[in-house]
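Note sheet for the following structure.
Just so it is clear: chains get the letters A, B, ... in the order the sequence lines come, proteins before strands, and each one is counted from 1.
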Protein chains: 2
Amino acid sequence: MATSTRVDSVSIPSVSELPHWQEVRAPHGLGYRIRLMAQLMSRLFQEKLDPYDLTPFHWVVLCCLWEQDGQATSHICEKLKQVGGTLTGVIDRMEERNLVRRERDPHDRRIWRIWLTETGRELETVLPPLALEVREVAFAGITEAEQKLVSDVVDRAIANLAHP
Amino acid sequence: MATSTRVDSVSIPSVSELPHWQEVRAPHGLGYRIRLMAQLMSRLFQEKLDPYDLTPFHWVVLCCLWEQDGQATSHICEKLKQVGGTLTGVIDRMEERNLVRRERDPHDRRIWRIWLTETGRELETVLPPLALEVREVAFAGITEAEQKLVSDVVDRAIANLAHP
DNA sequence: CCTAAATACTACGCACTCTAATCATCTCTA
DNA sequence: TAGAGATGATTAGAGTGCGTAGTATTTAGG
């Protein structure tokens, strides 16, 4: 512990004393591997969505709207922690595919509310099982206790990163 | 456990009996949250890389080359589990920034080998501490035992997804 | 040898992602 | 009640990321 530095209440070890599993360099670093895991899940999910001409992002927006229809664009951004500019393009393409439609809020004309079409609503019976399939592949052989702990750690990490 | 289905050796519960923490729908689903965690880490890392006009992907390729210089494009793809077409563009931009240069393999002229420039090599003393900073923010307050378990689960998930 | 298949990479089109700049609308205050 | 500032959303431009198709180059089979 000769070369540690103490900042606030967090002990930061020097790189040389990090054990192997927490080396920061890609592709061994945990950061890269978490990113890769998410990427591989996306690839698999995309395969399952291909027949419907949808993308994983469309799924995510649909989930928001199934929970509550007619949300403002900014509400969806907030819920998903996505950047506004990104959503504009995604919703454009969802509108082209007739999954949603935009409508101005009558009380505040700055706000555009996003509403499900019949097509968009009907997908609620089709898509969740596909998402579950991806989950089952990814977490095969991983116990519920382990999944619970990962879920917990992920939530804390997101909170750490939300306002660093 | 009335509505479970048994397929091979994996028990697949129906959606209705899933506990809250493993609901599949975004943004509550673990899949989305893992993706979000990776995304937030990337955003923070990008901020730290801005002064150097680099991106997280450049970091990743540099890590590969620091480990072994002069690798074939396909070796880098394999190590990073990335798609070939993606690497072409990234390496183009790295070449423009004078981080690497391409050279044909004299024994097999189909192969392009990627070599670090002096600039690319010198960044090895600068960038790893930045990556470590991101890690420290993300995993603040998370014990080493918890990190070890997450690392472990992530590896198993990647293996599950590699050839599904 | 000489052609067919395999290999390494590039080109292109579409989709996502980010930042910064812009536009429209609303709100608050002098 | 004008005008300044805040807010909601879009646009523009660069950089991933993926699949498909295409170009060299090498290897293998006859």
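Put simply, CZ on Arg104(A) is 9 Å from C1' on dA9(D), counting in whole angstrom units. The interatomic distance linking Arg93(A) (CZ) with dT11(D) (P) rounds to 12 Å, in whole Å. For the pair Ile91(B) CD1 and dT16(D) P, the interatomic distance rounds to 11 Å; values are reported in whole Å. Here dC9(C) presents its C1' atom at 13 Å from NE2 of His75(B), a figure rounded to the nearest Å.
At the phosphate of dC9(C), OP1 or OP2 sits under 4.0 Å from a side-chain N or O atom of Ser74(B). Using a 4.0 Å cut-off, no side-chain N or O of Thr73(B) falls inside it from OP1 or OP2 of dA8(C). Applying the 4.0 Å criterion to OP1 and OP2 of dT16(D), one finds that His58(B) has a side-chain N or O inside that range. An OP1 or OP2 oxygen of dT16(D) is reached within less than 4.0 angstrom by a side-chain nitrogen or oxygen of Thr55(B). Between dT16(D) and Gln39(A), no contact under 4.0 Å exists linking OP1 or OP2 to a side-chain N or O. Within the structure, a side-chain polar atom (N or O) of Arg102(B) is placed less than 4.0 Å from OP1 or OP2 of dT10(C).
Nearest heavy-atom pair, Leu161(B) versus Met41(A), reported as atom, atom and distance to 0.1 Å: CD1-CG, 3.6 Å.
Gln82(B) comes within contact range of the sugar-phosphate backbone alone, with a heavy-atom separation under 4.0 Å but no base atom that close.
Judged by distance alone with a 3.5 Å cut-off, no donor-acceptor contact links the side chain of Arg109(A) to the base of dT25(C).
Heavy-atom nearest nucleotides on DNA chain C were determined for Glu47(B) and for Pro56(A), and the one closer to the 5' end corresponds to Pro56(A). Residues Glu96(A) and Asp108(A) both approach DNA chain C. Their nearest nucleotides, taken by heavy-atom distance, put Glu96(A) toward the 5′ side.
The backbone N or O of Leu54(A) lies less than 3.5 Å from a partner atom in the side chain of Gln46(A), making a donor-acceptor pair. Side-chain atoms of Tyr32(A) come within 3.5 Å of backbone N or O of Leu80(B) as a donor-acceptor pair.
Ile34(A) CD1 to Leu30(A) CG: the interatomic distance, rounded to the nearest 0.5 Å, is 4.0 Å.
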